[in-house]
Amino acid sequence: MQEVTAQPRVVPEPKPKSYKSSSELKKRLWRNKLLYVMLIPGVLYFIIFKYLPMYGLIISFQDYKPYQGISGSEWVGMKHFSRLFTEPDFLNILGNTLILFGMNILIYFPIPIILALMLNELRGTFFKRFFQTLVYLPHFMSWVIVVSISFVMVTMDGGIINELLAYFGFSKINFLLSPGWFRPMYIIQVIWREAGWGTIIYLASIAAIDPGLYEASRMDGAGRLRQVWHITLPAIRGVIITLFILKIGSVLDLGFEHVYLLLNSMNREVAEIIDTYVYTAGLRQGQFSYSTAIGFFKSIVGLIMVMTVNKVSKKIGEEGVY
Amino acid sequence: MTKKSFTLLLSSLLTLSMLSACGGNNNNEAAATKDPGASTGTNTAAATEPAAEPEKPTEIKIMLPLNTTDTPPDTIKTEVEKLTNTKLTYQFFPADTYEEKLNSSFATGSLPQVTYLKNQTTFLQMKEAIKDGQFWEIGPLLSEFPNLNKLKPEILNNTKVDGKLYTLYIGRPLARQGIIYRKDWADKLGLAAPANTEELFAMAKAFTEQDPDGNGVKDTIGVVDRNELVYGAFKTVSSWFGTPNNWAEKDGQLAPEFTFPQYFDTMDFFKNLRDGGYMNQDFAATSKTDAVNMFTSGKAGLYIGGSMQDIDSLNKDLIKNVPDAVLDTHSMVAGPDGKFAQWMIPGYNNVVLFPKSAVKDEAELKKILKFFDYMMTPEVSNLMYWGIEGTHYTVEDGKAKATDNKELIEREVKGFKDSVIGEYETNGMYQSLNVLPGRIHAEELVLENVKVGVADPTAALDSATYTSKGVELQQIITDATYKYMYGQLDKAGFEKEVESWKSRGGAQIIEEYNAAYKK
């Protein structure tokens, strides 16, 4: 690594459109060799942890038995996929997954942005740091803790919220068991735990905005809100879109742990999502092939979503992620 | 926003995500590196065999799940080696990820000579491989080993695969479940331990309405239950009502429990309890921790369905909150027809297998079985279960009293404790010394329970559909049961769910079990 730092700055080269001869390409490669060396760990990471494991997808087309291995297991074609698509609950589960995803996008996604703008407007470093830390903290609590805290608060058996409702003469609400309350509970918990953490990237990009722009706008008499609207927001637009696309990519990763903890027999009709279904139907019974098939399906949906959104974002003149 | 800072941002994002990925991997690595450390415990086992056998120590590699955080030191192992003339290599793997380890070792053919599974579920999953002939059959050899021969035949039967025995079992009492209740409340209200289900209901009602804690506020409930039908209150009460244990014969055919009228009686029982407010309203969403907390905070009076042996820990936490509380155990609750019944587990918690890939011939297998034969003697089983006398436990009245230094036991003994085969009746190890009257009562009841015990007739039967879909299908019934108890389904609605269970694979399960049953 010492060599890297000792290396004189690479001279910015003219951008050749194409390489007529291979020697020219070689030369160019050689000149930037250190950059390529630095690239190796990243590439290795993706090959080892992202590409090689894809080999395992094969088992979704087999009746995989651990002791027979991938090479020895019987091929069954699309059997596991057709089982998934003919499952009576399949549409319901997919629907639940997409609704939770939609709530994540529509309700949760804007909140870190708003929070970051608000934090940015705080004057006084102490306050700013204090509140920043305060909103980050929940991120470090596991879902088990978050869900238990809310259980204690909303249970009908002496939970503080229901006691307050009863005290003021309202009837108690069965937050934990009613299907109608599952989604609000879910999204409130997501916001409470993740919103603060989500502000980090926005705050970083807001910090990179040229202060001159604000000064100029103040000279022109722009107020705080105007500044936010005309300077801050446009400046972080690219970041917002990038994060949005990345978020879409994790469309069906809604957090198994979280939903599984909230799930019970009474709210299953709205709370069963693909991840929890994989757990009950696949993993708990050692159905490796079926679980893999479901995971495969999930990834394909995610891929389609990302590609669509990326295309749209390019159409409207933004950068996209690739 | 310049392009440069944008890329900078993206790359920092990437780094962040990579860092977190590495963080995740580190944990696994740490766990993985721990294991070889344990297995390379090369201590020179100067095996001084008491008998005049100049045989050289048998080398045995053992793989087993570890239920504590750290691999135990060799303290116990060295002693065991001395007693059994062996050189043992224990490969402990964290219980949480044991299944993965098991599968990957299996796939690569690197299972050691002695392979512990994790629980009954992993055993079920392994059955196919067992049928495939990947493991040694040990049934015919057992008679050669006087101590192994003591293992209970009915439990060995439950672990047979296609009528053949491949495993040794780690025993568990057949029926430990019952009621742990507030004796002080019952005494105050002049109630005796409930003799039948009606009295049980009356007790729950009285605990709710008659202010048993005497604080003048109606802030107590009768029963506290949780989101679990089998290990919560439901199954235990259902067997009191006379519901079969999972399956039973009906018109000459095996039928699942939820087609019996007694199952509905049980659901009605809980429905009425809940409607009356005599149990926690949110029980379908209450975790075990929360349920236990309600009981130990002095809010609830009846804890049903758990192991009665838990009374020690419940009592410890309860008297912190309510110093003059008194607990007792009870399990003899008669059904409406006046009969007693208790459901029983198959009597084992885990099993040991001997892979053919590691054990080359029958001679080697016999040497390994010899080690387990030793394990069935009081000297070795006590050593592995309780530790070293004087250090980890003392003997009082012929019973073992563990040292108060819980950490020492957790660190040095716990790892081996869960691997002792058989049970105290067969391997002769000490029972634990109990002080709490409720716990002593519990031990008596555990023996009483077995006398009226109801076994699951399908325990040793196979159904391919059950293996692949059983858990998923059971979910339909579990959900319907809760909905019935919460009044969202009536009898007809419940039966419709049963029909859906049947059409989605349940009918095949019934067929397959019956076919296997007739054999």
Side-chain angles (χ1 to χ4, degrees), chain A residues 41-42 45 49 65-70 72 83 87-88 144 147-148 151-152 154-159 162 172 174-177 200-201 204-205 208-210 234-239 242-243 246 261-269 272 277 280-288 290 319 321, chain B residues 1-3 5-6 8-10 12-14 16 18 21-22 25 99 102-104 106-109 121-122 124-126 128-129 132 134 219 221 224 227 229 280-287 289-290 293-294 299-300 467-472 475 478-483 486 488 500 503-504:
Chain A
Y45 166 80
F49 292 107
K65 308 238 167 57
Y67 60 93
Q68 287 170 337
I70 291 181
R83 174 175 168 194
E87 202 63 46
V144 181
V147 173
S148 332
F151 176 88
V152 172
V154 303
T155 173
M156 304 250 304
D157 305 298
N162 267 319
K172 288 189 178 183
N174 207 334
F175 294 99
L176 295 164
L177 299 176
I200 292 182
I201 290 165
S205 60
I209 299 171
D210 183 0
I236 62 172
R237 198 165 89 155
V239 183
T242 308
L243 288 180
L246 292 179
L261 287 164
L262 288 173
L263 181 72
N264 58 53
S265 284
M266 306 304 289
N267 64 17
R268 189 177 307 278
E269 56 195 279
E272 184 91 287
Y277 178 72
T280 34
L283 296 180
R284 265 178 72 190
Q285 300 188 110
Q287 302 285 299
F288 300 108
Y290 188 44
E319 282 198 61
V321 286
Chain B
M1 179 81 182
T2 57
K3 192 162 177 182
S5 61
F6 180 66
L8 203 122
L9 206 141
L10 257 183
S12 63
L13 223 171
L14 246 174
L16 251 176
M18 280 181 62
C22 290
N25 291 333
E99 276 140 315
L102 207 57
N103 285 329
S104 60
F106 199 170
T108 52
T121 320
T122 45
L124 205 71
Q125 287 164 15
M126 212 48 110
E128 246 175 297
D132 202 45
Q134 306 276 330
D219 59 353
I221 54 167
V224 58
N227 57 352
L229 286 185
N280 51 331
Q281 299 295 297
D282 278 339
F283 70 96
T286 305
S287 67
T289 326
D290 291 317
N293 279 342
M294 283 178 94
K299 262 199 76 190
T467 315
S468 71
K469 277 185 170 180
V471 176
E472 187 190 347
Q475 202 80 67
T478 307
D479 289 356
T481 305
Y482 275 111
K483 286 192 172 145
Y486 275 89
Q488 291 183 8
S500 131
S503 68
R504 287 171 65 175

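Sequence lines set the chain letters: A, B, ... in the order given, protein chains first and strands last, and positions in each chain run from 1.
Residue with the most contacts toward chain A among B/Thr478, B/Leu102, B/Asp290, B/Asn293: B/Asp290 (heavy-atom pairs, distance under 4.5 Å). Counting heavy-atom pairs closer than 4.5 Å to chain A, the top-ranked of the candidates B/Met294, B/Glu99, B/Lys483, B/Lys469 is B/Lys469. Chain A forms more heavy-atom pairs under 4.5 Å with one residue of B/Ser104, B/Ser468, B/Ala285 than with any other, namely B/Ser468.
Remark: B/Ala284 engages A/Leu177, A/Met266, B/Tyr482, B/Tyr486 in a side-chain contact (heavy atoms from CB on, under 4.5 Å) (not counting sequence neighbours).
For the pair A/Thr280 and B/Val471, the tightest heavy-atom approach, listed with the atom from each and the gap, is O-CG1, 3.8 Å. Minimum heavy-atom separation, B/Ser500 to B/Ser503: O-OG, 3.1 Å.
By the 4.5 Å heavy-atom criterion applied to side chains, B/Gln475 and A/Arg268 are counted as neighbours. Taking the side chain as every heavy atom from C-beta outward, A/Glu87 and B/Glu472 approach each other to under 4.5 Å. The side-chain heavy atoms of A/Thr155 and B/Asp282, taken from C-beta on, include a pair separated by under 4.5 Å.
Interface remark: A/Phe288 contributes side-chain atoms only to the contact with chain B (heavy atom separation under 4.5 Å). Using a 4.5 Å cut-off between heavy atoms, B/Lys299 contacts chain A through its side chain alone, with no backbone atom that close. Looking at B/Gln488, the atoms closer than 4.5 Å to chain A (heavy atoms on both sides) all sit in the side chain, from C-beta outward. With a 4.5 Å cut-off on non-hydrogen atoms, B/Thr286 touches chain A through its backbone and its side chain both.
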